[in-house]
Structures are given as C-alpha cells and as structure tokens.
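Taking it in order: structure first as structure tokens, then the write-up.
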2 protein chains.
Amino acid sequence: MAKPPKENSPITEHLAYLLAQANREINRQLEVRLSKEGVPVEQWRILKVLSDGNGHSMGELADAVLLNHPTLTKMIDRMVSDALVYRVQDPTDRRKVLMFVSDRGKALSKRLNTLAVSQEEHIVESYGGKSTNELKRLLESLIDSSN
Amino acid sequence: MAKPPKENSPITEHLAYLLAQANREINRQLEVRLSKEGVPVEQWRILKVLSDGNGHSMGELADAVLLNHPTLTKMIDRMVSDALVYRVQDPTDRRKVLMFVSDRGKALSKRLNTLAVSQEEHIVESYGGKSTNELKRLLESLIDSSN
DNA sequence: CTTCAATTCTTGAATATTCAATATTTTCAA
DNA sequence: TTGAAAATATTGAATATTCAAGAATTGAAG
C-alpha cells in the first residue's frame with residue numbers, strides 16, 4: 001500500500017510537488033480575489049490572526065502566518081504605516097512586541113474574510129464538499145505528523 | 001456536507017491556509033535533504049523534468065517547475081554556469097530555446113532523486129501509505145478541477 | 001548579585017523575485 | 001507579400017526576501 005515514487009517516475013507523482021502545485025494554484029486564486037482590496041495574502045493572514053483581539057508577539061505571529069521573522073517585521077512596518085495594526089511593548093517581557101489590529105484593520109479584515117470565504121465556496125462548488133473536507137482532514141493530519 | 005469556513009472561524013480551517021502550511025513544512029524537509037548536494041528544490045524539479053532527455057522550451061519548463069519566466073531564466077543562467085544544463089535554439093521555431101540536461105546534470109539528478117524518494121519514504125512511514133496515497137489523489141483532482 | 005547564555009525583535013547587506021519593457025521570430029489577415 | 005499582432009525569451013529596475021549580525025531584555029548558574 002505504501003508507494004513512494006520510483007527514481008525515474010515523473011515529478012507529478014511526488015507529494016512535495018503536488019503540494020507545491022496545488023498551493024500555487026489556490027494561492028493564486030485567492031490573490032486575485034484579495035487584489036480587490038489591494039492586499040497580499042499574507043496581510044489577510046496577519047489581520048485574521050490578530051482579529052481575535054488579543055495581542056500576539058512577533059514570534060507567535062510569524063509562526064501563525066507562515067513568514068520568517070525579518071519578512072514579518074518589514075510587512076508589519078508597512079501595515080503600521082497603513083494604520084491597520086500597531087505595536088505595543090509587552091509589559092511582562094520587554095523583549096517582546098505585542099501586535100494589535102486597529103479599527104481600520106478590523107474593518108478591512110472583515111471584507112477580506114468575505115472574499116476568502118467566497119473563494120472557498122467556489123472551490124467547494126467545483127471540487128465538491130466531500131473532497132474538500134477530506135482533503136482538509138488529510139492536510140491537518142499530515143501537518144500533525146510532521147512535528 | 002459542504003462546509004466553507006465562516007467569517008469568524010480560525011484561519012486553520014481555510015483550505016488555502018492548510019495547503020500553504022503543509023507545503024511549507026514538506027518543502028522545508030525536502031530542502032534539508034537536498035542541501036546535502038547544495039541545490040535548491042527548484043533545481044531538483046528542473047533537472048527531473050529535463051531528465052526525460054527531450055528538449056523543453058523555457059515556457060514549458062516554467063510551467064512544469066512552477067516558476068515564473070524571468071525567475072526561471074535567471075536560475076537556468078546559474079545552472080548553465082554550473083554545466084548542469086545547456087541551451088539550444090529550437091530549429092523549428094527560433095523564438096524558442098530548448099533546454100537539455102548535461103551528463104553532469106544527469107548524474108546530479110540521480111543523486112537528488114534518491115534524496116527526494118527517501119524523503120517521501122520517510123513521510124510514508126510516519127504518515128502512513130494509505131493517507132499518502134489518498135492525499136495525492138485528492139491533490140491531483142483539486143488541481144484538475146482548478147483548470 | 002553578577003555575569004554569561006538564551007530569547008526576542010530589528011536592521012543592513014546580499015540575494016532573489018517580480019513587473020514592465022525590449023528584442024526576436026512567427027502567424028495570419030488583408 | 002507585407003505589415004500588424006501574437007508568442008517567446010531575456011533584461012533591467014523596482015521590490016521583496018533572506019542571512020548574518022546587532023541591540024535589548026530576561027533567565028539562570030555560580
């Protein structure tokens with residue numbers, strides 16, 4: 001039952017490749033939707049994570065939104081300029097910076113979520129709800145098994 | 001049965017996010033393996049695709065290896081310097097450039113494949129052969145349904 | 001306590017990617 | 001057959017990402 005690809009089998013049989021391809025495609029579609037608000041996918045992730053209203057440290061946030069620390073720092077700089085988020089020094093550990101979403105950021109986040117949800121609805125339509133749920137379940141457990 | 005995320009559900013319930021997360025994780029693992037040969041994942045893809053021995057145009061290749069044209073051009077420049085691949089102008093359509101893999105490139109490709117296969121074997125061990133195959137099948141059909 | 005190592009975030013330089021424009025060749029309609 | 005439009009690949013400038021180093025704070029061992 002276990003069938004890793006053979007040495008000479010096409011690249012399209014590698015899990016790593018299929019994941020990259022699927023991710024690229026879905027990400028591109030999402031990008032198109034979000035471009036209505038002129039915002040990259042990463043900013044949607046950031047706003048979504050911060051929208052729980054709690055402060056999140058840069059380290060936490062970087063993990064959650066799948067960005068390296070320096071990349072996140074620079075993206076947050078831009079978002080601060082756009083008044084979408086703001087920094088507060090963590091009073092209990094002054095090495096840390098806690099990020100919060102502004103009202104403006106919350107409003108944008110809401111609009112972005114609508115767009116993201118509508119994308120997923122579109123996927124569910126063409127791909128099927130059952131497949132979508134199975135795929136999600138399998139991805140979650142792959143991620144779990146990789147830690 | 002169809003359950004797209006609600007507006008306020010966590011980002012971890014979005015297919016787009018799960019794909020990005022899984023891809024990031026698996027890609028990172030592969031990167032570690034391939035670093036033994038000092039080669040980025042994209043070069044593995046390129047060498048693998050070219051290893052069928054046929055000439056592939058830059059356009060074809062860019063699609064196959066999931067890179068934009070200019071990015072591919074520059075990566076190929078490096079690989080030409082490293083004598084892994086070479087360019088030939090397509091005699092039947094001189095707008096096109098056909099890429100071929102050199103002997104040195106073939107040898108490297110073989111070693112890279114061993115590493116990539118061993119990664120997938122490792123995934124199969126911890127994640128299970130059944131899950132791996134199901135996941136691959138679902139990813140393939142997601143990709144199909146997105147065209 | 002004090003000092004040294006670890007943690008957290010940011011910065012700057014090096015590197016890579018992307019966007020828009022260019023050059024070349026082919027296609028095809030008039 | 002000619003000339004305009006489309007297709008293909010590359011280039012250069014603008015942008016973004018990454019790597020390595022730095023600054024500030026905390027933790028913890030002696």
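Chain identifiers are assigned alphabetically (A, B, ...) following the order of the sequence lines, protein sequences preceding nucleic acid strands; residue numbering begins at 1 within each chain. Fair warning: this is a prediction, and the values are worked out from it, not measured in the lab.
Each of Leu138(B) and Tyr17(A) belongs to its own hydrophobic cluster when Ile, Leu, Val, Met, Phe, Trp and Tyr are linked at side-chain heavy-atom distances under 4.5 angstrom. Tracing side-chain contacts under 4.5 Å through hydrophobic residues (I, L, V, M, F, W, Y), one reaches Leu61(B) starting from Leu66(B); they form part of the same cluster. Val88(A) and Ile46(A) fall into different hydrophobic clusters, defined by Ile, Leu, Val, Met, Phe, Trp and Tyr side-chain heavy atoms under 4.5 Å apart, directly or through other members. Residue Leu72(A) is grouped with residue Val39(A) when hydrophobic side chains (ILVMFWY) are merged at heavy-atom distances under 4.5 angstrom, including chains of intermediate members. Residue Val49(A) is grouped with residue Leu108(A) when hydrophobic side chains (ILVMFWY) are merged at heavy-atom distances under 4.5 angstrom, including chains of intermediate members.
Nucleotide dT17(D) holds its C1' atom 12 Å from the CZ atom of Arg24(B), rounded to whole Å. Distance, Asp77(A) CG to dT10(C) P: 7 Å, rounded to whole Å. We find that CG of Leu98(B) is positioned 12 Å from P of dT8(D), with the value rounded to whole Å. The separation between Glu31(B) atom CD and dA16(C) atom C1' is 14 Å, rounded to whole Å. If you take CD of Glu60(B) and P of dA7(D), they are 16 Å apart, rounded to a whole angstrom. Atoms CG (Leu61(B)) and C1' (dT10(D)) sit 15 Å apart, rounded to a whole Å. Rounded to an integer number of Å, the gap from CD1 of Ile76(B) to P of dA16(C) is 15 Å. Rounded to an integer number of Å, the gap from CZ of Arg78(B) to C1' of dT11(D) is 15 Å.
The CG atom of Leu135(A) lies 6.0 Å from the CG atom of Leu19(B); values are rounded to the nearest 0.5 Å.
Listed by residue number, the members of residues 63-75 of chain A with any heavy atom below 4.0 angstrom from DNA chain D are Asn68(A), Pro70(A), Thr71(A), Lys74(A). Within residues 81-95 of chain B, the residues that place at least one heavy atom under 4.0 Å from DNA chain D are, in residue-number order, Arg87(B), Arg95(B).
Thr71(A) places none of its side-chain heavy atoms less than 4.5 Å from the side chain of Glu42(A). Inter-residue side-chain proximity for Gln43(B) and Leu84(B) is flagged as met; some heavy-atom pair is nearer than 4.5 Å.
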Apply salt bridge (charged side-chain N to carboxylate O under 4.0 Å, His left out) to residues Lys106(B) and Asp103(B) and explain how you reach the verdict. CA-CA 5 Å; Lys106(B) 275 188 206 115; Asp103(B) 288 347; 3.5 Å; yes

